Amino acid sequence: MLDKIFDAKSFEGNFSFDMEASTRIPNAEPFMVLLPPPNITGNLHIGHALCFTLQDIVARYKRLKGFDVLFQPGVDHAGIVTQLLVEKQIYASGVEKGSLTREKLLKEIWFWKENSSGVIINQLRKLGISCDFSRQRFTLDEKSKKAVSKIFVSLYRNGLLYRGHRMVNWDPLIESAISDLEVVEREVDGHLWHIKYELENGEDYIVVATSRPETIFGDVAVAVNPKDSRYKKFVGKKVRIPLIDRLVPVIEDKYADPEKGTGAVKITPAHDFNDYEVGLRNKLPIIDIFNEKAELNKEVPEMFQGMGRFEARNKVVDLLEKKELLVKVEDIKQTLPFGDRSGVILEPRITHQWFVNAEKLARPAIKAVKDGKIKFIPKHWENLYFEWLENIRPWCVSRQIWWGHRIPAWYGPDGQVFVAESESDANKQALNFYGKHDVKLVQDEDVLDTWFSSGMWPFITLDWPEDNEDLRKFYSNMIVVTGFDIIFFWVSRMIMMGMYAMKEVPFKEVYIHGLVRDKHGNKMSKSKGNVIDPLILCDKYGADAVRYTLAYMSSPGRDLKMSDRIVETGRNFLTKLWNVVRFAQMNGCVYNNGFDPNEVSHPLNKWIIFETRNTINAVEEAYKSYRFDDAARLIYQGIWNTLCDWYMEFVKPILQQSALTDDTAEGYNLDQTLLKKDVRDTMAWVIVQFIRVLYPIAPFISKKLSGELGATEVVWPEFDNIQLDFTDSIRQVELLKEIISSVRSIKQSFRMPANEELNVVLEGNSVETADFIEIYGKIVHKMANVSFVDSVAMSIPVVLNGAILRIGIDRKIDVQEKIADFRKEVANCSKMRDAALFRLNNEDFRNKATEDVVTEHNKRVEVLSEKISKIEYIIHSLEAMQ
RNA sequence: GGGCACAUAGCUCAGAGGUAGAGCACUACGUUGACAUCGUAGUGGUCGUAGGUUCGAUCCCUGCUGUGCCCACCA
């Protein structure tokens with residue numbers, strides 16, 4: 001027997017789903033859920049909890065539906081983030097900055113990884129995520145390394161990957177190139193300094209506006225627009241760069257915008273993307289004035305060398321002012337590029353890097369989605385996907401850090417590049433190239449962008465390039481569930497890489513979930529202190545409650561506002577379910593494997609079977625279309641509003657001997673014991689069906705309660721064999737519900753105590769009144785405290801659907817208020833009826849509306865008319881009572 | 001500058017071309033042997049705004065306003 005107190009902690013810890021996750025169904029239809037590998041940098045946050053819960057629901061649902069489900073887990077090495085984190089720790093422990101070696105760092109990170117991935121796996125278990133942990137993978141494990149090298153070499157040989165010397169976004173803190181996607185634009189306050197550039201002969205000057213005066217040392221020209229008459233006279237002449245007196249030409253270039261600044265712009269090709277282009281167009285030299293930390297290098301006057309860029313800026317401005325070369329300073333808002341990981345302002349920098357020709361890889365990836373081979377849910381995210389891929393630029397994949405996939409390229413002493421899957425391959429190539437053995441090759445120091453390997457995750461996890469059954473089965477039979485923020489980073493790259501390596505889409509569906517926010521709708525962040533830890537929530541309310549709540553709130557394409565309060569809704573529901581099973585147990589309900597719903601005879605049982613079947617069919621539709629919110633809601637309503645509020649109350653008189661009279665059974669020629677058994681079986685059956693469909697969302701409690709009821713196996717409910725005729729049962733139960741509600745409502749509105757015993761008369765012809773009273777009399781008595789009689793002296797009449805109920809009263813009651821209510825209702829009904837009539841009188845409506853709608857309108861008018869005349873009759877009789 | 005999404009009850013959100021829904025909150029009553037993490041009955045909305053399409057629009061289309069987000073540019 002269940003405890004009175006529902007305590008998730010008492011049983012959730014006892015379940016491990018590893019076994020069932022690794023139990024596969026050999027010949028069934030394959031289905032794979034690709035878990036986005038969490039970074040090894042930290043704990044799981046509430047966003048992970050949402051993402052993983054939703055995919056776990058899918059995985060469990062598919063398993064119940066008989067698919068061969070592979071739910072593949074893993075963790076991501078997360079290059080830059082991890083390295084920054086571990087470096088920080090090492091430095092904090094007293095190691096001096098320059099002294100850290102590659103070997104030492106990697107050793108420390110591997111140590112960190114072992115610990116961290118263990119923590120993550122435990123957190124996944126706690127959340128009940130049913131991955132197959134025996135197949136855990138790591139984006140930097142040996143198999144991944146092989147696959148990454150193979151793809152790298154293949155892309156290189158096909159001309160889709162190359163080494164180039166060009167301008168990239170450079171992070172001076174990390175001291176590495178980063179990709180365009182890792183750049184975040186932020187608006188900051190800045191200044192625009194207007195600086196005099198004097199002509200060579202000193203007779204005149206041009207004023208140039210810049211937000212970066214420290215870069216004047218890298219200036220190689222001043223550009224003006226060819227159409228700008230103001231500066232015509234300067235073109236072709238030379239101006240003097242302040243402070244260093246270098247002479248540079250004034251050139252014409254369309255890039256100079258007469259509207260912006262002063263219309264004359266200084267050109268610094270080494271430190272600005274636009275200037276770089278101008279430089280190329282005009283064959284200007286390139287003067288790089290920064291080192292990799294964005295400190296000024298030997299190209300600048302000695303007093304500036306080694307200075308940081310911001311310090312240099314102040315100094316330059318200072319000197320300019322002293323030399324009266326500063327015309328004015330404007331305050332401006334400017335949007336600057338920051339590194340998303342380091343948080344520092346980035347520098348454009350010309351370096352040697354490896355690039356992927358993303359434009360070519362994007363074409364099949366775009367086509368796959370255009371052709372509908374991959375569907376985004378919700379669909380509108382496809383726009384974002386197309387927008388990005390259609391304007392994609394070369395993808396810089398090399399990083400000047402140590403943690404990651406080392407680039408499989410080797411250099412000869414003359415700089416000759418040998419790209420190979422292994423060092424021995426490279427040596428072979430070198431032998432071939434140089435024609436001699438002893439040429440020493442040096443491997444590229446850099447590593448690959450983390451997303452290079454993440455993009456291969458769908459086939460890396462299936463042991464590609466090894467040909468195997470799982471790879472053939474599961475590749476392209478996957479779903480990916482993830483947030484919109486990594487559509488560019490991850491989803492699109494998986495599609496590009498997948499189309500390239502496998503010539504086929506990796507997955508057919510991409511479910512994009514919303515962002516979890518705090519209760520005010522703010523983004524969660526450590527600095528705001530509004531972060532909700534899913535594991536703390538699990539401790540407080542149980543993992544099932546957290547899962548249920550996340551599912552309940554996840555309507556497609558919408559963000560979720562999370563709070564403890566909302567999780568209570570989930571917890572309360574599970575408590576209710578717990579008590580449902582407790583009630584069933586107390587009344588001897590046990591799941592009976594041989595129970596046949598077709599055999600039940602009591603209309604209450606037929607009715608609840610009907611309701612259960614309908615609801616669960618709807619739940620199935622919801623799961624199929626990934627409407628987790630609908631699924632959660634439907635189960636909630638089915639259990640709480642239908643099973644608890646009605647059915648369980650209906651059958652109490654039957655289950656509880658003392659309240660049972662022979663009448664209840666006799667109407668159906670049933671032995672009391674048989675009827676009781678019927679109800680017990682039905683109740684257990686209904687509860688078990690609901691528990692089964694709840695299982696994907698709340699697996700712990702479902703397992704526990706299912707077991708308590710004696711249904712050891714969780715399988716998806718099947719209703720195909722139910723052939724019952726429900727018509728009469730539904731009509732009767734609907735009337736029953738209406739009677740009970742009406743009596744309760746009348747009692748409340750006249751401020752009668754709910755437990756006051758009253759007599760009622762049922763007048764009507766929709767069902768056989770006598771039979772109805774015989775079957776349901778006791779139930780109505782128990783639930784509404786009224787007894788059916790043949791007549792009453794004084795009564796308050798109530799209009800039911802197809803019947804009138806007279807509620808007997810033994811004293812005069814002020815019915816004025818009630819009369820007013822009824823009048824309001826008449827007015828309401830009339831309004832609705834008139835609206836329907838108005839349409840019916842409209843020829844266009846009759847001709848153009850569908851037949852069903854017209855029929856429905858006719859029916860509505862009829863029903864409303866009847867109702868109105870009944871209410872009017874009631875008003876009349878109430879008035880007579882006064 | 002280009003694009004996407006959203007706007008429904010006090011709050012959080014579902015919803016459908018044809019009679020507006022839930023949970024929470026609120027009001028009143030209630031501890032009857034599953035459950036006070038509960039029960040019963042209520043209150044509460046011209047579905048952001050202006051047009052258009054339609055027999056009919058809260059739903060479809062367009063403009064507007066507001067909110068959030070993405071991309072691009074900035075001397």
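Each chain gets a letter, A, B and so on, in the order its sequence line appears, and its residues count up from 1. Values reported hereafter were calculated over all heavy atoms of this structure, with side chains retained and with hydrogens, waters and symmetry mates removed. Remember, it's a predicted structure, so these values are computed and weren't measured experimentally.
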Closest listed nucleotide, where the reference is the side chain of [X] and the choices are [options]:
X: A:Lys576; options: B:A14, B:A34, B:C4; result: B:A34
X: A:Arg565; options: B:A25, B:G68, B:C55; result: B:A25
X: A:Arg627; options: B:C35, B:A28, B:G15; result: B:G15
X: A:Met586; options: B:A14, B:C38, B:A34; result: B:A34
X: A:Asn587; options: B:G3, B:A41, B:A34; result: B:A34
X: A:His380; options: B:A34, B:G68, B:C4; result: B:C4
X: A:Lys561; options: B:U12, B:A14, B:C69; result: B:U12
X: A:Arg582; options: B:A41, B:C35, B:C71; result: B:C35

Gap in Å between the two [atom1] atoms, one belonging to [N] and one to [M], rounded:
N: B:C13; M: B:G56; atom1: P; result: 35 Å
N: B:U54; M: B:C26; atom1: C1'; result: 41 Å
N: B:U40; M: B:G45; atom1: P; result: 24 Å
N: B:G66; M: B:U49; atom1: P; result: 15 Å
N: B:G23; M: B:C59; atom1: C1'; result: 23 Å
N: B:G10; M: B:C6; atom1: P; result: 22 Å

Give a yes or no on whether a donor-acceptor pair under 3.5 Å exists between the nucleobase atoms of B:A34, that is its base, and the side chain of A:Glu649.
yes

Note: A:Lys737-A:Glu734 ion pair, threshold 4.0 Å (strictly below)
yes

Do A:Glu649 and A:Lys652 meet the salt-bridge criterion of a basic N to acidic O distance under 4.0 Å?
yes

Could you pull out the protein-nucleic contacts involving nucleotides 17-23 of chain B (nitrogen or oxygen on both sides, under 3.5 Å)?
| unit_1 | atom_1 | unit_2 | atom_2 | d |
| --- | --- | --- | --- | --- |
| B:G18 | O2' | A:Arg860 | NH2 | 3.3 |

For the residue pair A:Phe488 and A:Trp388, categorise the inter-ring angle as parallel (less than 30°), tilted (30 to 60°) or perpendicular (more than 60°).
parallel

Reckon [X] has a side-chain N or O less than 4.0 Å from the OP1 or OP2 of [N]?
X: A:Asn579; N: B:U37; result: no
X: A:Ser741; N: B:U40; result: no
X: A:Trp640; N: B:G39; result: yes

Taking Watson-Crick (N1-N3 plus N6-O4 or O6-N4) and G-U wobble (N1-O2, O6-N3), each under 3.5 Å, can you produce the dot-bracket string of RNA chain B? Use [ ] for crossing pairs and | for inter-strand ones.
(((((((..((((....[..)))).(((((.......))))).....(((((..]....))))))))))))....

Between [X] ([atom1]) and [N] ([atom2]), how many Å, whole number?
X: A:Arg751; N: B:U27; atom1: CZ; atom2: C1'; value: 10 Å
X: A:Glu387; N: B:G2; atom1: CD; atom2: P; value: 13 Å
X: A:Trp381; N: B:C71; atom1: CH2; atom2: P; value: 11 Å

With sugar-phosphate meaning primed atoms plus P, OP1 and OP2, does A:Asp629 contact a base, only sugar-phosphate, or nothing at under 4.0 Å between heavy atoms?
nothing

With a 3.5 Å cut-off and sequence neighbours excluded, list the donor-acceptor pairs that the side chains of residues 256-264 of chain A form with protein atoms.
| unit_1 | atom_1 | unit_2 | atom_2 | d |
| --- | --- | --- | --- | --- |
| A:Asp257 | OD1 | A:Glu259 | N | 2.9 |
| A:Thr262 | OG1 | A:Val207 | O | 2.5 |
| A:Thr262 | OG1 | A:Ala264 | N | 3.3 |
| A:Thr262 | OG1 | A:Ala264 | O | 3.3 |

